[in-house]
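Each remark here refers to the structure printed beneath this line.
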Amino acid sequence: MNTTATVTAGAVTFVWLGMVLAISFVEAPLKFRAPGVTIPLGLGIGRLVFRALNLIEVVLCVAVIVAVVASDASGVAAGATSAAAVLLAAQLGIVRPRLNRRTDRVLAGENLPRSRGHLYYVALELAKVFALLVLGVSVLTG
């Protein structure tokens with residue numbers, strides 16, 4: 001087993017996990033509670049923040065894949081890596097484009113009913129958090 005690759009996989013995994021927890025489960029919900037933040041303003045900020053987060057996530061995901069492959073990690077680690085990558089791809093390829101189209105409409109002034117799109121994103125985010133926890137623990141303990 002490649003110790004450097006294993007430690008790298010664990011470190012990058014926990015950085016990724018920390019970013020997801022901080023942005024998705026702390027920053028995103030709190031921004032709409034700040035005084036003076038309107039729905040359009042919050043959506044505009046959210047788009048910028050999530051675009052940056054998702055770009056960083058792609059880089060971290062590639063780094064984790066490379067490190068896990070180089071570390072000759074367990075099947076659990078490989079499965080968790082695959083799960084995290086697939087969940088991220090689903091968010092970026094399926095859910096985010098729909099959310100972006102909806103946000104475009106809200107920013108253009110349409111008054112739309114509540115959407116389930118964010119719930120799908122959050123569900124994928126929760127599953128990704130679980131996959132990253134499993135991955136991080138498995139590479140560092142196994």
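- A67 and T8 get closest at one heavy-atom pair: CB-CG2, 4.1 Å.
- Side-chain heavy atoms closer than 4.5 Å link hydrophobic residues (I, L, V, M, F, W, Y) into clusters, and following such links, even through other members, never connects V129 to V76.
- Note on L99: it does not cluster hydrophobically with L43, by side-chain heavy-atom contacts below 4.5 Å among ILVMFWY residues.
- Cluster membership for V64 and V58, using ILVMFWY side-chain heavy atoms within less than 4.5 angstrom, is shared.
- Annotation for I39 and F32: closest pair O-CE2, 4.0 Å, computed over non-hydrogen atoms.
- At a threshold of 4.5 Å between non-hydrogen side-chain atoms, the residues L132 and F14 do not count as touching.
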V139 vs V7, side-chain contact (heavy atoms from CB on, under 4.5 Å): CA-CA, chis, key distance, verdict: CA-CA 8 Å; V139 296; V7 171; over 6 Å; no
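- Taken together through direct or relayed side-chain contacts under 4.5 Å among Ile, Leu, Val, Met, Phe, Trp and Tyr, I56 and F25 form part of one hydrophobic cluster.
- The CD1 atom of I65 sits 7.0 Å away from atom OG1 of T81, with the distance rounded to the nearest 0.5 Å.
- Between R47 atom CZ and R96 atom CZ the span is 8.0 Å, to the nearest 0.5 Å.
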Stepwise side-chain contact (heavy atoms from CB on, under 4.5 Å) test for L119 and R114: CA-CA 10 Å; L119 296 178; R114 295 197 74 128; over 6 Å; no
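- Atom OG1 of T103 is separated from atom CD of E110 by 12.0 Å, given to the nearest 0.5 angstrom.
- Note: F50 CZ to L55 CG = 14.5 Å, rounded to the nearest 0.5 Å.
- Of all non-hydrogen atoms in P40 and L107, the two that sit nearest each other are O-CD2, 3.4 Å.
- Hydrophobic cluster membership is shared by M19 and L87, with clusters built from Ile, Leu, Val, Met, Phe, Trp and Tyr side chains linked at under 4.5 angstrom.
- The side-chain heavy atoms of V26 and L21, taken from C-beta on, include no pair separated by under 4.5 Å.
- With a 4.5 Å cut-off on side-chain heavy atoms, L41 and T38 count as touching.
- The shortest heavy-atom contact between S24 and L53 is OG-CD2, 4.2 Å.
- Atoms NZ and CD, from K128 and E125 in turn, are 4.0 Å apart once rounded to the nearest 0.5 Å.
- Separation of atoms CG (L60) and CG (L17) is listed at 11.0 Å; rounding is to 0.5 Å.
- For the residue pair T6 and S71, the shortest heavy atom distance occurs at OG1-CB, 3.3 Å.
- Between Y120 and I94, every side-chain heavy-atom pair lies at or beyond the 4.5 Å cut-off.
- The shortest distance between side-chain heavy atoms of W16 and L88 falls below 4.5 Å.
- Across all their heavy atoms, V95 and G117 have their closest contact at CG1-O, 3.6 Å.
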